[in-house]
A.B. asks: 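The following block contains the structure, expressed as structure tokens.
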Amino acid sequence: SPTLVSHIVDHPEALELGRLAADQLLRSGRIEAALSTLVGVLAPLKLVMPATPRRALAWFLWRRARIRLRGLGYRLRAPSALSADELRAVDTCWTIALGLGQVDFMRGASFQALHHLLALDAGEATRIARSFALEAGYAASAGPSAGPRIERLLAEARKLVGTGADARDGAHGAAFITLMGGVSAFLRQRWSEARTLCEQAEAVFREQCLGAGFEIATAQQFALWALVHLGELGEAARRQPVLLREAIARGDQYAQTTRNVGPPAIIMLAADDPEQAREVSRRAMKAWTHHDFQVQHCFDLWAMLITDLYAGDRASALARLGSHWSFVEDSLLLRVQFIRVQMLQAGARVRLAASSLPGAEAGLVEAALADARRLQREDVA
């Protein structure tokens, strides 16, 4: 209970239980409840959740500067050599960085920067390994140019897998590194590699790990999206309902939503069913949190724009783009190259399509050309 946690913040066991509660809430897509719970967990650590994406960006830049000054060195220490407060600080930042990475990118990135600092300072092997791996996933937001850095981070993580105090962390750590390799491959447009790595990670999580539902859902999500980008729509269409049934059966709102917004719309358009594409996304977003404009909202907008274009509804597409674009910019999600490319491309297509409407506003073609010039500057195929 968020209220309970806020009233017993001075009790270490209650704080850890509160963190674990927030962790499960984030992993299952109960974002507002998770953020409420985290208030009481963060306060004793003298941390707060950034109020806006721009505030999160400021903290992110400050923490990245500290990482550059500090370097990536560490001195290994056993968990028993660390205080409960040190471990709780690392683990709380891990909970937020992992849980918000595919939801609220800027806030997640801010806490990942702090998580990386704290894990390196703490020196506990398992925590450092997962920090290097998660750092690779976040680094991939820059696109293909981040390739060398990603490989170094994943290599550092692999050196530490299984060297922690708990040998059971070995299988999970190895699978998580593979998963982050798949996620980073996807964000660098290496679709076949992303599919292979995500499928490998899912298999290990299923066969050798307990409590890895979130990791499995994430691996499935990126493998499914990779299939769509590879044009393997038949296989994607076969998998999607199976994965959706799994998510519904375990009450996983995160997985249910990500199965139904964004790239999956292509599957329904390939079946010549734009109304189904709209309805599926509408239902998914109705059950999702309305706390800020998040990754899911952005993918929903993208899906609705391409569906409007497919259906020939140019006026609706232009109106939708105009009413939502400020939310996209204010969310700072355009700092993620994959999202930036998808949204710029969709926006340019909408403006070009609408430019020939009777009474169309001036400047649409020029705006589309500006988008095209921005796309040309991206380091993508």
Side-chain angles (χ1 to χ4, degrees), residues 45-47 50 56-83 85-102 105-166 169-170 172-188 190 193 197 201 215 335-337 379:
L45 300 172
K46 296 181 171 55
L47 295 173
L57 174 61
W59 289 4
F60 166 78
L61 294 174
W62 166 241
R63 290 163 179 171
R64 297 309 313 181
R66 287 175 59 194
I67 291 173
R68 283 195 296 273
L69 288 171
R70 182 200 180 283
L72 300 179
Y74 53 85
R75 180 172 63 86
L76 289 179
R77 293 195 290 171
S80 58
L82 300 168
S83 71
D85 287 344
E86 286 178 293
L87 292 174
R88 188 181 308 115
V90 177
D91 292 345
T92 299
C93 291
W94 157 259
T95 288
I96 298 171
L98 181 68
L100 289 184
Q102 296 302 313
F105 174 80
M106 204 64 254
R107 288 186 178 93
S110 175
F111 272 93
Q112 167 54 18
L114 181 57
H115 170 239
H116 203 39
L117 279 167
L118 294 177
L120 291 170
D121 286 346
E124 195 280 312
T126 297
R127 289 171 172 84
I128 297 174
R130 71 187 187 188
S131 180
F132 274 124
L134 190 57
E135 182 79 353
Y138 272 99
S141 65
S145 63
R149 180 172 173 236
I150 290 166
E151 295 308 318
R152 287 196 300 272
L153 290 165
L154 293 175
E156 286 293 331
R158 290 188 192 100
K159 287 194 298 187
L160 291 163
V161 168
T163 64
D166 189 344
D169 290 332
H172 185 280
F176 188 74
I177 293 167
T178 302
L179 173 58
M180 288 300 102
V183 169
S184 63
F186 179 90
L187 292 173
R188 289 179 288 155
R190 295 159 65 164
E193 181 183 348
L197 290 174
E215 291 86 346
R335 291 182 64 88
V336 180
Q337 190 199 51
D379 178 26

A.B. asks: Tell me the closest heavy-atom pair linking A139 and L153, and the distance in Å.
C.D. replies: CB-CD1, 4.3 Å

A.B. asks: Hey, are the side chains of L47 and C93 touching, using non-hydrogen atoms and a 4.5 Å cut-off?
C.D. replies: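 Of all side-chain heavy-atom pairs linking C93 with L47, at least one is under 4.5 Å.
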
A.B. asks: Is there a side-chain contact between L117 and R70 in this structure, where contact means two heavy atoms from C-beta onward sitting under 4.5 Å apart?
C.D. replies: yes

A.B. asks: What closest approach, in Å, do E215 and L179 show between heavy atoms, and which atom pair accounts for it?
C.D. replies: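 E215 and L179 have their closest heavy atoms at O-CD2, 3.9 Å.
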
A.B. asks: Going by side-chain hydrogen bond (donor to acceptor under 3.5 Å, both in side chains), name the residues that satisfy it together with R158, two or more places apart in sequence or in a different chain.
C.D. replies: none

A.B. asks: Rounded to the nearest 0.5 Å, how far apart are CZ of R335 and CZ of F60?
C.D. replies: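 So the CZ of R335 and the CZ of F60 are separated by 6.0 Å.
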
A.B. asks: By the definition side chain to side chain contact (heavy atoms under 4.5 Å, CB included), identify the one residue from L76, V90, L72 that meets it with I128.
C.D. replies: L76

A.B. asks: Closest heavy-atom contact between P50 and F111?
C.D. replies: CD-CE1, 3.8 Å

A.B. asks: Locate the shortest heavy-atom distance separating A129 from L160; write the atom from each residue and the value.
C.D. replies: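 Scanning both residues completely, I find the closest heavy atoms to be CB-CB, 3.8 Å.
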
A.B. asks: To the nearest 0.5 Å, tell me how far L82 CG sits from D121 CG.
C.D. replies: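 These two atoms lie 10.5 Å from each other.
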
A.B. asks: Does the pair R188/E151 count as a salt bridge with the N-to-O cut at 4.0 Å?
C.D. replies: yes

A.B. asks: If you round to the nearest 0.5 Å, how far is CG of L154 from CZ of R149?
C.D. replies: 11.0 Å

A.B. asks: On the 0 to 90° scale, with breaks at 30° and 60°, tag the F105-Y138 ring pair as parallel, tilted or perpendicular.
C.D. replies: tilted

A.B. asks: First locate atom CZ of R75, then atom CG of L120, and finally report the distance between them rounded to the nearest 0.5 Å.
C.D. replies: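 Reported value, rounded in 0.5 Å steps: 13.0 Å.
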
A.B. asks: Quick check for you: to the nearest 0.5 Å, what is the distance between L134 atom CG and W94 atom CH2?
C.D. replies: 5.5 Å

A.B. asks: Would you list the pairs meeting side-chain hydrogen bond (donor to acceptor under 3.5 Å, both in side chains) in which at least one residue belongs to residues 106-117, sequence neighbours left out?
C.D. replies: R63-S110, D104-R107, R107-D292, Q112-H115, Q112-E135, H116-S131

A.B. asks: Answer yes or no: is there an ion pair linking E86 with R77, defined by an N-O contact shorter than 4.0 Å?
C.D. replies: yes

A.B. asks: Can you see which heavy atom on S184 is nearest to which on A136, and at what distance?
C.D. replies: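 Taking S184 first and A136 second, the nearest heavy atoms are CB-O, 4.1 Å.
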
A.B. asks: Are I150 and M180 close enough that some pair of their side-chain heavy atoms sits under 4.5 Å apart?
C.D. replies: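 Result no, sub-4.5 Å side-chain heavy-atom pair not found.
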
A.B. asks: For the pair D85 and R88, find out whether any cationic side-chain nitrogen is under 4.0 Å from an anionic carboxylate oxygen.
C.D. replies: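 A salt bridge links D85 with R88.
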
A.B. asks: On a heavy-atom basis, which atom in A133 and which in A157 lie closest, and how many Å separate them?
C.D. replies: N-CB, 4.0 Å

A.B. asks: Please report the interatomic distance CZ(F186) to CG(L197), rounded to the nearest 0.5 Å.
C.D. replies: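 Answer for the CZ-CG pair, F186 versus L197, is 13.5 Å.
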
A.B. asks: Compare all side-chain heavy atoms of W62 with those of L114 and state whether any distance is below 4.5 angstrom.
C.D. replies: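 W62 vs L114: side chains apart.
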
